[in-house]
Amino acid sequence: MALNHVSRLCKSVKASVEFYVKVLGFVVIERPPSLDFNGAWLFNYGIGVHLVQKQGDEQFPDADPNRLDPMDNHISFQCEDMNAMERRLIDMKIKYMKRTINEEEGAPIDQLFFKDPDGFMIEICNCENLELVPAGALGRIKLPGDRHNPPLQMRILLD
């Protein structure tokens, strides 16, 4: 039906909660009492982020805190006000990379890339500017009946 949540191991649940609340506007929600390990659940914008305390000293395999590469693993959130988000990153002294793609096609997409406290990359974008055009999969895509963001181009294919 829809993406429910993303789960992340973290070095410090407390530091990660503070980051996701202050930087991205997530809200801490109650977890089921049966989850008796150190962690936190957050929710906003129709998606959950589950944070789980990492055990031991092993490194995160895909997290390099000094590298910002849009081709690396990341999670992306759509944003209504890219300027306000960039100001927040500047105010909080968070290193980020900014780029704009798709300008030539007339639907520019602004992107901000930065890392959470554990070095996992986050993208903020105005991806709703890009219309999704199914490539031969129109009958297989399941969408909410009342809305879709970004917009989806619906073409009727006749034999």
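Residues take their numbers from the sequence shown, with the count starting at 1.
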- Item | Ring-face cation of Arg8 near Phe120 (centre distance under 6.0 Å, axis angle within 45°) | yes

- Message: I need the Met82 CE to Ile124 CD1 distance, nearest 0.5 Å.
- Response: 7.0 Å

- Is the distance between the ring centroids of Phe77 and Phe26 under 6.0 Å? yes

- Query: Between atom CD of Gln53 and atom OG of Ser16, what is the distance when rounded to the nearest 0.5 Å?
  - Reply: 8.0 Å

- To the nearest 0.5 angstrom, please state how far the CZ atom of Phe19 sits from the SG atom of Cys10. 12.0 Å

- Residue pair Glu123 / Cys127: nearest heavy atoms and the distance that separates them: OE2-SG, 4.3 Å

- Would you say Leu112 and Met97 make side-chain contact, with heavy atoms under 4.5 Å? no

- Query: Between Cys125 and Ile109, which heavy-atom pair has the shortest distance, and what is it?
  - Reply: CB-CG2, 4.4 Å

- Message: Would you say that Phe43 contacts Val27 through its side chain, given a criterion of any heavy-atom pair below 4.5 Å between the two side chains?
- Response: no

- Task: Taking the side chain as every heavy atom from C-beta outward, state whether Val21 and Leu42 have any atom pair closer than 4.5 Å.
- Result: yes

- From CA spacing to verdict: side chain to side chain contact (heavy atoms under 4.5 Å, CB included), Ile122, Lys115: CA-CA 6 Å; Ile122 296 170; Lys115 300 285 181 111; over 6 Å; no

- Output yes when a side-chain donor or acceptor of Asp110 lies under 3.5 Å from a complementary backbone atom of Thr100, and no otherwise. no

- Task: Validate the cation-pi geometry between Arg31 and Phe37: distance from NZ or CZ to the six-membered ring centre under 6.0 Å, angle to the ring axis within 45°.
- Result: yes

- Between atom CG of Leu68 and atom NZ of Lys98, what is the distance when rounded to the nearest 0.5 Å? 15.0 Å

- Which atom pair, heavy atoms only, marks the closest approach of Met85 to Leu24? CE-CD2, 4.1 Å

- Could you pull out the closest heavy-atom pair between Val13 and Ala40, with the gap in Å? CG1-CB, 3.9 Å

- Going by atom types only, do Tyr96 and Glu86 share a side-chain donor-acceptor pair under 3.5 Å? yes

- Message: If you count heavy atoms of other groups shown closer than 6.0 angstrom to CD of Glu80, is the number above 12?
- Response: no

- Between Arg88 and Gly25 the two heavy atoms that sit nearest each other are NH1-N, 4.3 Å

- Arg99 side chain near Ile101 side chain, heavy-atom distance below 4.5 Å: yes

- Message: To the closest 0.5 Å, what do you measure between CD1 (Ile90) and NZ (Lys95)?
- Response: 15.0 Å

- Item | Side chain proximity check, Tyr20 to Asp116, heavy atoms < 4.5 angstrom | yes

- Of all heavy-atom pairs between Glu30 and Trp41, which one has the smallest distance, and what is that distance? O-CE3, 3.9 Å

- Task: First locate atom CG of Asp69, then atom CE of Met121, and finally report the distance between them rounded to the nearest 0.5 Å.
- Result: 6.0 Å

